[in-house]
Structure formats: structure tokens, C-alpha cells
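Read the structure below first, then the notes.
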Amino acid sequence: MKAIQITNATLEYKTQNGIVRALDNVSFNVEEGEFIALLGHNGSGKSTLAKILNGLLIPRLGDVEIFGVNTKDTAKIFEIRSNIGMVFQNPDNQMIASIVEDDIAFGPENLGIPREEIIERVNWALEKVGMSEHKKSTPFKMSGGQKQRIAIAGILAIKPRIIVFDESTAMLDPQGRNEVLQVAKQLNKEDNITIIWITHYMDEAVDSDRIAIMTDSRIVAIDTPKEIFKRTDLIEQAGLDLPLPLAIANQLKANGIELQDNILTEQQLKEELCKILK
């Protein structure tokens, strides 16, 4: 079943300098249970695309459907936003309570969920993100990675079928980035939650089911990581870099060292180099 179907979506902003087209005739489909990485340089349209998914923005032309429901149907916007959660760049902007469990309970409370079920959801969400021991803690004293996991738990508590991570690791150190990415992968694999992972870190995209590349407000390519990263010209034109293991492998091959094609992860590169050393 299609979780997301975008058809010829065009969206424009009015600015002091005139009309700016933020999305230009974008079409994009995501099956339920997929993990999709959306890559693009700053200003390419990634965040605008994220905001049309739950009706924060409505395209001037074209349609956006979430599990078959059009975001232009204002009578069903509550249903759409119950199905799709958003995790943004700064976790501090998503927190409203001084105690972790109260913060996570905020969403279900606003949905009118019975108190007993809210308690169950809070405990379940904290367990999913590995933060159960922090239930009574103050979130504002935590590390960036811990805060972002609490923000994810707050989204999980409303039981969405899709979660959009909009540059959610951009403000984190490498350890925090990895913590949040692993939580997203686990939710995708274990709970069949559809993940839209928006990033400019290439290494975060290599394990996704598909990668979509955005540039100049358009999606210019959608394919598996192996096929996308074969197209070095496309990566350069989009203002992006190759994953570091692939860039290293390409440089080694250029210097006469025989390695397999499409080395995308650090582990794959290590294994290839170990074979050579043996």
C-alpha cells in the first residue's frame, strides 16, 4: 500500500524579490514500510517537501495523499497528522514539559487518549528509544542525542504510521547522530513504520531502501543506494559528496588497487582491505 503519493506538486512563496518556487512539479511515491533517504543541498526543497506531507503547507498545484487521504481535505487533516509524525532539527523546539514522561504524554493527551493507555504508550515509547531509565528526568539537562530520542518518543506515543526526520541529526555529534539513526532503523524494521530520512550526511543514507535526490526544487533521481552512488556526475551536480568509504575506495582503485564496486559502508571497506592484506 502507498503510504505517500505526491503527484505534480508545485509550491511557491512570495518574497520581497518576487515569487520563489520551492517545489517544482514534484512527483514522489513511498510504499508502506519503506526507509527513504531524501538528499539535497541547502535550499534544494527538502524541508518544504517534508512540510507538505502533513499539511503544514499545501501545494498550489498537484496533490499529496497520505494513505489515500488528500491533504487538501481540511476535514481529514487531523487523521493525516495522526498518521504522520515529524522530528525536526532542534529537539529543544519540540519539548514543552520539564519532566520526560509528561513531555511524551502531551501528544496522546491532546488526542483524547484514556489515561491508562497514555501510561502504556509513554512506557512503550521510552523503551523503543532506549530511554526508560530517564522517565522522571529533566530533558533539558540531557545530551543532544538523548533529547532527540525523547523527541522521537513523543512522536511514537501518538502511534504514527510514518515518521519524517527533517535534518534531525544536523545539530548532533557523531555519537548522537548514530543513536538517532539506529532508533529510526529499528522502528522501520521492527514496527514497519515508514521512515522519510532527510539529511545531507551521505553515510546516513547508505542503508536506506531508496534514495531520492533533490536539487533546484525538483526530485532528479530515485533509486537504490548502489545505483544512486554509481552516478558520480549526478552527486556532483546536486552539490553533494560521495559516502566517505566509497570516495576512499574510488581513490584506491584509481591508484591501481583492485576493490569491488559500490563499497558504501566502513565495514565493507574494512573487509575488502583485509582481503588484500591477507
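All values below come from the heavy atoms of this structure, side chains included, with hydrogens, waters and symmetry mates left out. The structure displayed is predicted, hence computed values, not measured ones. The first residue in the sequence is number 1, and the count goes up from there.
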Check [Y] with [X], please: is the shortest side-chain N to carboxylate O separation under 4.0 Å?
{"X": "Lys253", "Y": "Asp261", "value": "yes"}
{"X": "Asp207", "Y": "Lys185", "value": "yes"}
{"X": "Lys2", "Y": "Glu65", "value": "no"}

Give me the other members of the hydrophobic cluster that [X] sits in, counting Ile, Leu, Val, Met, Phe, Trp and Tyr linked by side-chain heavy atoms under 4.5 Å, directly or via other members.
{"X": "Met171", "value": "none"}
{"X": "Leu246", "value": "Leu39, Met202, Val206, Ile211, Ile213, Val220, Ile228, Phe229, Leu234, Ile235, Leu240, Leu242, Leu264"}
{"X": "Ile96", "value": "Phe106"}
{"X": "Ile248", "value": "Leu244, Leu252, Ile257, Leu259, Ile263, Leu269, Leu273, Ile276"}

So which atom in Gln94 and which in Phe88 form the shortest heavy-atom distance, rounded to 0.1 Å? OE1-N, 2.7 Å

Of all pairs that satisfy salt bridge (Lys or Arg N to Asp or Glu O under 4.0 Å), the ones with a partner from residues 67-83, not counting sequence neighbours: Asp63-Lys72

Under 3.5 Å donor-acceptor, Thr15 side chain and Gly18 backbone: yes

May I have the step-by-step check of side chain to side chain contact (heavy atoms under 4.5 Å, CB included) for Leu181 and Trp197, ending in yes or no? CA-CA 9 Å; Leu181 179 59; Trp197 186 268; 3.7 Å; yes

Spacing of Lys270 atom NZ and Lys275 atom NZ [to the nearest 0.5 Å]: 15.5 Å

Do any side-chain atoms of residues 111-120 form donor-acceptor pairs under 3.5 angstrom with protein atoms, and if so which ones, sequence neighbours left out?
residue : atom : partner : partner atom : Å
Glu117  : OE2  : Arg121  : NE           : 3.1
Glu117  : OE2  : Arg121  : NH2          : 2.9

Do Gln186 and Gln182 pass the side-chain hydrogen bond (donor to acceptor under 3.5 Å, both in side chains) test, and can you show the C-alpha distance, the side-chain angles, and the key distance before you say yes or no? CA-CA 6 Å; Gln186 177 185 337; Gln182 293 309 314; over 6 Å; no

